[in-house]
Number of protein chains: 2
Amino acid sequence: MLQTRIDDHAPTSRESMREAQEIFYKHLKRVGLKHTDQRDTILRTFLETRDHLSTDELFRLVRKKDSKIGFTTVYRTLKLLAECGLASAVPFPDGMARYEHQFNRRNHHHMVCTECDASVEFFSPEVNKLEEEIGRKYHFDATRHNFQIYGVCEDCRKKSRRAI
Amino acid sequence: MLQTRIDDHAPTSRESMREAQEIFYKHLKRVGLKHTDQRDTILRTFLETRDHLSTDELFRLVRKKDSKIGFTTVYRTLKLLAECGLASAVPFPDGMARYEHQFNRRNHHHMVCTECDASVEFFSPEVNKLEEEIGRKYHFDATRHNFQIYGVCEDCRKKSRRAI
DNA sequence: ATGAAAATGAAATTCATTTTCATTTGGCAT
DNA sequence: ATGCCAAATGAAAATGAATTTCATTTTCAT
Ligand SMILES: [Mn+2]
Ligand SMILES: [Mn+2]
Ligand SMILES: [Zn+2]
Ligand SMILES: [Zn+2]
């Protein structure tokens, strides 16, 4: 799925990679699970991209590094990564489960083009404030929210104007 | 799915019902489709509740009125209702497609309890403003958005406190 | 009334997700 | 180092919501 990046960070560095692995393996130990090469490879692959990947998309990337890793393992590892906060689900309109990594990354939201599926990430502290305010107002202990904007991107607008 | 109502309207009146049917049948005519009893029954059933219904849930309600109407017809009619704006999909965290009717109804958002799945509807013009602002800022022609807050409701908080 | 186009609903299909299970592996205790 | 056993793996099967197919019935313009 195409994505325009607003904040252009360098790709995850070696040290950051280690740091994230640290977090992951602490989590595994905590819940009595084991360290495996497959999990290593999957985490590394996941951190290398800033895309919003479906399980299958991540599986295809992982397979390039180690063709013996199975889809099921990717699927299960993605759940573990979500458990320890390194990954989070992004509810995109194609309905498939998509994840993005949450390591050293600013909190952001998405605006998605309904014509070409391209997405832009944007930052909006106001939305976070709203979560808090509304939670308070209605006596909810608000823990997270979900905000995305749909519309037509500049490119698609240009294209359709040309088509007339 | 349990739901707490914030705005307590009376149930859809007969005249409103007619008005909505009008809209529906105008739409059908426009796209060359036909008027059927099944579609009537399904629309009526759908307007009678303010819940966020899955296709199957609506099907079960419809079946009480006319046990011969099939699931497929409900499924297809729900799509038609969405096409003409009488229904809209509500992305709830259970992952199933859920719809709510949009007839004579204030624009609202949802706060969902992650423990008991109860939802409250709330009104927040600020969110609408944000859609507009952010669209402008990033050159998107923003047409709609999606905002929900997750957390723990008062009841569930009380329950878990009692359990300690 | 007639016929063409659309609607219906049961059944089949699709496809992402999740589970099962036989086999292999990691890592702790000895 | 060796053995043990719980956990991990991955292929295959199962699940289940969403969608399509198709034989039959219904609508509606003429
Ligand atoms: Mn993102
Ligand atoms: Mn609602
Ligand atoms: Zn676009
Ligand atoms: Zn609750």
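Numbers restart at 1 for each chain; the letters A, B, ... are given by sequence-line order, proteins then strands. Because only heavy atoms are used, hydrogens play no part in the values below, and waters and symmetry mates are left out as well, while side chains stay in.
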Inset, instruction - Check every strand shown and say whether G32(B) touches a base, only sugar-phosphate, or nothing at a heavy-atom separation below 4.0 Å. - result: sugar-phosphate
Legend entry - Non-hydrogen side-chain atoms of E100(A) and R50(A) separated by less than 4.5 Å: no
Legend entry - F140(A) vs I149(B) side-chain heavy atoms within contact, under 4.5 Å: no
Inset, instruction - Using whole Å, report how far CG of L80(A) lies from P of dA7(D). - result: 13 Å
Legend entry - Side-chain donor-acceptor contact under 3.5 Å, Q38(B) with T73(B): no
Inset, instruction - In whole angstrom, give the distance that lies between atom CG of L78(B) and atom P of dA17(D). - result: 15 Å
Legend entry - Spacing between Y75(A) atom OH and dA8(D) atom P, to the nearest angstrom: 15 Å
Legend entry - Whole angstrom value for the distance that separates C1' of dA17(D) from CG of L58(B): 16 Å
Legend entry - Stem regions touching DNA chain D, defined by at least 3 consecutive Watson-Crick or wobble G-U pairs below 3.5 angstrom: C:1-30 with D:1-30
Legend entry - D56(B) CG - dT19(D) P separation (whole Å): 14 Å
Inset, instruction - Give a yes/no on whether any side-chain N or O of T72(A) is located under 4.0 angstrom from OP1 or OP2 of dT9(D). - result: no
Inset, instruction - Could you say whether K29(B) or R76(B) is positioned toward the 5' end of DNA chain D, judged by the nucleotide with the nearest heavy atom to each? - result: R76(B)
Legend entry - No-hydrogen, no-angle side-chain donor-acceptor test under 3.5 Å, Y25(A) and D40(A): yes
Legend entry - Any side-chain donor near an acceptor of the partner, H109(A) and N146(A), under 3.5 Å: no
Legend entry - Student check: side-chain heavy atoms of Y99(B) and H52(B) closer than 4.5 Å: no
Inset, instruction - Whole angstrom is fine here: how far is it from NZ in K68(B) over to C1' in dA10(C)? - result: 15 Å
Legend entry - Close side-chain approach of E48(B) and M17(B), heavy atoms under 4.5 Å: yes
Legend entry - Among dG9(C), dA11(D), dA16(C), the one nearest I69(B) by side-chain distance: dG9(C)
Legend entry - Phosphate OP1/OP2 of dT18(C) contacted by K79(A) side-chain N/O (<4.0 Å): yes
Inset, instruction - May I ask you to check whether over 12 heavy atoms, not counting those of K29(A), lie within 6.0 Å of atom NZ? - result: no
Legend entry - Strand contacts (DNA chain D) in residues 33-43 of chain B, 4.0 angstrom heavy-atom criterion: K34(B), H35(B)
Legend entry - R63(B) CZ - dT8(C) P separation (whole Å): 17 Å
Inset, instruction - Find out whether T55(A) and V74(A) are in side-chain contact, i.e. whether some heavy atom of one side chain is under 4.5 Å from a heavy atom of the other. - result: yes
Inset, instruction - Let me know the distance between OH of Y25(A) and P of dA8(D), rounded to the nearest Å. - result: 11 Å
